[in-house]
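Worksheet: the structure to be examined is printed underneath.
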Amino acid sequence: MKRVFITTGYRGHNRKDHRFEVPKLHLTLGTHEFATYDWSLGGFRIDDFAGRPPVGEKVFVRKIAYDTDRTAPTNSVAVVTRVLLGKNQVAFSFNKLDEAAYDFLEKASMHRLSQLAKG
């Protein structure tokens, strides 16, 4: 007998890092740049991902930015964790997050708080 595991869009998430929508990050995955839908220290989700990568596929994160003055090169690795059908979104978790990327995401979190305080 085959086991079937069904999930819905309303299922709660069991993540330790809360995802943020602001500031919107721009990531270079391989040779293509993507804007994040949301992100955290644990991973990110992107819109408008052409194609459907298989769950478990690794991608190399080469650059992270949230404006033209705040950019960091990185040698991090992310893994596809979910493909959201109908939304053309793909969720990734960081498999390897180097120190530069970790520091950059920490600073982006602080920048987010200053943006929220302004308005």
| note | For Ala35 and Ile46, the nearest pair of non-hydrogen atoms, with its separation, is O-CG2, 3.7 Å
| task | Check the surroundings of atom NZ in Lys96: do more than 12 heavy atoms from other residues, nucleotides or ligands lie under 6.0 Å from it? | result | yes
| request: Determine the interplanar angle of the Phe44 and Phe94 rings, folded into 0 to 90°, and report it as parallel if under 30°, tilted if 30 to 60°, perpendicular if over 60°. | output: tilted
| task | Name all residues meeting the side chain to side chain contact (heavy atoms under 4.5 Å, CB included) criterion together with Glu57; count only those two or more places apart in sequence or in a different chain, and write none if there are none. | result | Pro53, Pro54, Val59, Val80
| Minimal non-hydrogen separation, Pro73 against Ala100, with atom names | O-CB, 4.0 Å
| task | Starting from the C-alpha separation in whole Å, work towards a yes-or-no answer on side-chain contact (heavy atoms from CB on, under 4.5 Å) for Gln89 and Val83. | result | CA-CA 6 Å; Gln89 294 177 346; Val83 175; over 6 Å; no
| Side chains of Glu106 and Leu41: does their closest heavy-atom pair fall under 4.5 Å? | yes
| field | Donor-acceptor under 3.5 Å (Thr71 side chain, Ala65 main chain) | value | no
| Side chains of Leu29 and Val61 in contact at under 4.5 Å (non-hydrogen atoms) | yes
| Distance from Arg45 atom CZ to Ser93 atom OG, nearest 0.5 Å? | 14.0 Å
| task | Grab the two heavy atoms, one from Pro23 and one from Trp39, that are nearest each other, plus how far apart they are. | result | O-NE1, 2.9 Å
| Nearest-0.5 Å distance that lies between atom OG1 in Thr74 and atom CG in Leu105 | 8.5 Å
| query | What distance do Lys24 atom NZ and Tyr37 atom OH have between them, rounded to the nearest 0.5 Å? | reply | 8.5 Å
| field | Counterpart residues, ring pair (Phe, Tyr, Trp, His ring centres under 6.0 Å), relative to Tyr66 (two or more places apart) | value | Phe104, His111
| request: Output all residues satisfying side chain to side chain contact (heavy atoms under 4.5 Å, CB included) with Arg62, sequence neighbours left out; order by chain, then residue number. | output: Thr28, Phe60, Asn75
| said: Do Val79 and Tyr102 land in one hydrophobic cluster if side-chain heavy atoms of ILVMFWY residues count as linked below 4.5 Å? | reply: no
| Is the closest side-chain heavy-atom distance between Asp38 and Phe20 below 4.5 Å? | no
| Which pair of non-hydrogen atoms, one from Asp47 and one from Lys87, has the smallest distance, and what is that distance? | OD1-O, 4.4 Å
| request: Using a 4.5 Å cut-off on heavy atoms from C-beta on, say whether the side chain of Leu84 contacts that of Val90. | output: no
